[in-house]
Amino acid sequence: MVNIVILGGGFAGVKAALTLKSKVKSKDISILVIDKNNFHTFTPSLYEVATSEEPQRNVGIPFKSIFDKNIDFIEGNIEKIDTEKQKIFLDKNREYQYNFLIFALGSESADFGIEGIKEYSLPMKTLEDAIRIKHALRNAKKVIIGGGGFSGTELACELATHKNNLDITLVQGSQILLKEVGDGISNLARKKVEEGNINLILGKHIKRVTKEKVELDGGRTFPYDVFIWTGGVKPNNLLGKIEVKENLQINNFTNIFAAGDAVSPGVARRAIKMGEIAAWNVLRNMEGRTPLPFSYRNIGYLVPLGSHFATFAMGKYHISGFPAYILQQLILLRYLLEILPFFKAVKRFIRFERDLSV
């Protein structure tokens, strides 16, 4: 029996498992997915959970709905990976042997050594994080968001739309919002932030955080009730610093591949592609064939900027407003159809939309 173990049930891990299932015909090959949760998190909607627009049940998709009897699933906290004995050690004294391993444990919030971030901020990386933010906002008046990337900007716009009683400050270290994208989206995002009466601070870094205030470069301070940190992430370090070849094989290990944010944090579609290539290369390794190189071409960026409003840019092509929001929903439906049986996908999509319209 050849044991293929996938660590992590995020975008990369789920795609790797489903790719293997569709290609593996032999009964002598087992596929096992291990994750700390019993559900797959649709992370692009976490900001909606945090602002109470999206029920948490919609964002967490049970693995039992995704995987059938040809894929085994274990819920547990991974404590150690022994690459010499090829074993995975979980909590409750559980251990699992592997012949091939796909490491897809994602990323975690990074504090970059800023004093007080770890102790006093609320990150927004997991469903549990989003729920904590939602509860913290109930009695809040002043909210500070550290980080003007995708997560921070989306969250700020959503809060301004649905919780207009809040005093919101968004701090971005660079001089522009969404520095990863072009000027068109960046300028529109800034306009939407300013229309929401959000106090936007650009070109200033957070120097220190205490229980009651945030201090920026130059000594200026801002009091807060809730401080949300979206300023950066780092790959999971259970295997230490990961370096991969172009085929996603981890250096010095012919039977271990890595995918998704565990390699380098990025967009969901990129993680999905990495999971697919990692799965293909496990099979090609077993067959003695040359592994495939990973390549990804980003076709565009779509950014939600408040209720029923989004913006999408692909090169010079740019749409905004409700049409971009419809595109966002179609992307969601497409993804659900990729991971779920047809009727389950459609049913879940309809529930998403019904809950959002309440």
Side-chain angles (χ1 to χ4, degrees), residues 2-24 26 29-36 40-41 43-44 63 66-67 70-74 78 80-88 96-108 110 125 180 233-299 335 338-339:
V2 176
N3 298 316
I4 304 174
V5 176
I6 300 168
L7 300 184
F11 290 108
V14 166
K15 184 62 176 180
L18 294 178
T19 301
L20 287 168
K21 186 197 78 167
S22 68
K23 303 301 177 184
V24 169
S26 173
I29 297 177
S30 72
I31 305 168
L32 172 64
V33 178
I34 301 175
D35 194 274
K36 64 180 180 179
H40 168 63
T41 304
T43 52
F63 286 121
I66 303 173
F67 302 142
N70 296 315
I71 300 175
D72 296 318
F73 172 75
I74 296 293
I78 302 163
K80 181 183 176 183
I81 302 172
D82 189 328
T83 54
E84 290 187 7
K85 296 181 179 179
Q86 298 184 171
K87 285 186 176 182
I88 308 296
Y96 297 89
Q97 191 82 40
Y98 69 84
N99 299 105
F100 291 92
L101 180 68
I102 296 178
F103 187 84
L105 285 176
S107 59
E108 54 196 42
K125 277 292 298 172
E180 303 88 348
V233 294
K234 59 183 179 182
N236 182 287
N237 65 356
L238 193 61
L239 274 179
K241 185 179 180 180
I242 291 178
E243 294 182 356
V244 298
K245 301 176 183 177
E246 65 173 3
N247 59 21
L248 301 181
Q249 192 177 67
I250 294 182
N251 287 347
N252 302 320
F253 295 100
T254 60
N255 65 336
I256 304 179
F257 295 81
D261 284 6
V263 178
S264 59
V267 296
R269 186 53 57 180
R270 180 173 178 270
I272 291 169
K273 183 65 175 179
M274 292 178 90
E276 180 182 19
I277 294 299
W280 270 108
N281 284 342
V282 166
L283 297 176
R284 293 175 76 90
N285 187 306
M286 292 170 59
E287 297 167 357
R289 300 166 64 193
T290 302
L292 301 170
F294 167 74
S295 64
Y296 174 75
R297 177 175 171 268
N298 189 1
I299 62 172
Y335 181 66
E338 286 181 12
I339 67 171

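Note that these values count all heavy atoms, side chains included, but never hydrogens, waters or copies made by symmetry. Please read these numbers as outputs of a predicted model, since none were measured by experiment.
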dist K87:NZ -> I81:CD1 (nearest 0.5 Å) comes out at 14.5 Å

Aromatic plane relationship, F73 with F67 - under 30° parallel, 30 to 60° tilted, over 60° perpendicular:
tilted

Of all heavy-atom pairs between L101 and I88, which one has the smallest distance, and what is that distance?
CD1-CD1, 4.0 Å

Of all the heavy-atom pairs spanning T254 and F257, show the shortest one and how long it is.
O-CE1, 4.0 Å

With sequence neighbours left out, write down each residue that passes salt bridge (charged side-chain N to carboxylate O under 4.0 Å, His left out) with K36, or none if nothing qualifies.
none

Under a 3.5 Å distance rule, please check whether N255 uses its side chain to pair with a backbone N or O of N99 as donor and acceptor.
yes

What heavy-atom pair brings L18 and E338 nearest, and what distance separates the two atoms?
CD1-O, 3.9 Å

About how many Å separate NZ of K15 and OH of Y335, when rounded to the nearest 0.5 Å?
9.0 Å

According to the salt bridge (Lys or Arg N to Asp or Glu O under 4.0 Å) rule, which pairs have a member within residues 235-257, sequence neighbours left out?
none

The reported gap from OG1 in T290 to CG in N247 (rounded to nearest 0.5 angstrom) is 10.0 Å

K125, NZ atom: more than 12 neighbouring heavy atoms under 6.0 Å
yes

Compare every heavy atom of R284 with every heavy atom of P291, then report the nearest pair and how far apart it is.
CA-NE, 4.0 Å

So, taking the atom named CZ in F103 and the one named CD1 in I78, what distance separates them when rounded to the nearest 0.5 Å?
7.5 Å

With a 3.5 Å distance limit and no angle check, can you tell me whether N281 reaches the backbone of L292 through a side-chain donor-acceptor pair?
yes

Partner set under salt bridge (charged side-chain N to carboxylate O under 4.0 Å, His left out) for K21, not counting sequence neighbours:
D68

Least distance between heavy atoms, A16 atom then I102 atom
CB-CD1, 3.9 Å

I need the Y98 OH to T83 OG1 distance, nearest 0.5 Å.
5.5 Å

Which atom of S107 lies closest to which atom of P265, heavy atoms considered:
CB-CG, 4.2 Å

Does E276 come within less than 4.0 Å of K273, counting only side-chain N to carboxylate O?
yes

Side chain to side chain, N3 and L32, heavy atoms closer than 4.5 Å:
no

Distance-only, no hydrogens or angles: does the Q97 side chain make a donor-acceptor pair with backbone N or O of Q86 under 3.5 Å?
yes

Does R269 reach the main-chain N or O of Y296 with its side chain, forming a donor-acceptor pair under 3.5 Å?
no

With side-chain contact (heavy atoms from CB on, under 4.5 Å) as the test, would you mind laying out the steps for F11 and T43 before giving the verdict?
CA-CA 9 Å; F11 290 108; T43 52; 3.2 Å; yes

Quick one: CG on D35 to CD1 on I6, what's the gap to the nearest 0.5 Å?
11.5 Å

Given I31 and N70, is the side-chain contact (heavy atoms from CB on, under 4.5 Å) satisfied, shown in steps?
CA-CA 7 Å; I31 305 168; N70 296 315; over 6 Å; no

